[in-house]
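Step one of this worksheet: look at the structure below.
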Amino acid sequence: MPVAYKKKVAVMTGHCEIEEAETLFAWLNEETSRQVNLKALTSAHTAVYQVLLEKKPKVSVWPEADALFWLTEMMQRNQSRVWFE
């Protein structure tokens with residue numbers, strides 16, 4: 001299972017398919033203090049990335065995969081819509 005939902009943290013591992021996006025979105029909406037652990041995430045469907053970039057949950061552990069450096073950068077920005085500045 002690519003996402004393990006615990007009480008306050010969603011642990012994302014491997015590749016997360018599109019089916020995970022709706023569940024992740026709903027889970028994050030239930031409680032604003034919930035976090036994500038991206039340590040073992042290697043890739044995801046763009047819908048999953050969109051949820052993460054829109055919701056910008058607190059991240060307990062950032063991805064180890066070098067290919068996801070852009071996700072770390074985007075999630076740490078203060079403004080989500082920088083292209084409208």
Please report the interatomic distance [atom1]([X]) to [atom2]([Y]), rounded to the nearest 0.5 Å.
X	Y	atom1	atom2	answer
L38	T13	CG	OG1	11.0 Å
L28	K58	CG	NZ	14.0 Å
L24	R34	CG	CZ	10.5 Å
L71	W62	CG	CH2	7.0 Å

Report yes if some heavy atom in the side chain of [X] is under 4.5 Å from a heavy atom in the side chain of [Y]; otherwise report no.
X	Y	answer
M75	L53	yes
V3	W27	no
L52	V59	no

*May I have the step-by-step check of side-chain contact (heavy atoms from CB on, under 4.5 Å) for K39 and V11, ending in yes or no?*
CA-CA 8 Å; K39 181 178 182 177; V11 180; over 6 Å; no

For residues [X] and [Y], report the shortest heavy-atom separation together with the two atoms involved.
X	Y	answer
T42	A65	CA-CB, 4.4 Å
A21	V51	O-CG2, 3.7 Å
G14	L41	O-CD1, 3.4 Å
V48	E17	CG2-O, 3.5 Å
H15	P2	O-CB, 3.5 Å

_Applying side-chain contact (heavy atoms from CB on, under 4.5 Å) to M12 and N37, what does each step give before you reach the verdict?_
CA-CA 6 Å; M12 304 176 78; N37 176 329; over 6 Å; no

*Under 3.5 Å, is there a donor-acceptor pair between the side chain of K56 and the main chain of R77?*
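Side chain of K56 to backbone of R77, a donor-acceptor pair under 3.5 Å: yes, one is there.
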
*May I ask whether V61 and W70 are part of the same hydrophobic cluster, defined by side-chain heavy atoms of I, L, V, M, F, W, Y residues being less than 4.5 angstrom apart, directly or through others?*
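No; W70 is not reachable from V61 via cluster members.
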
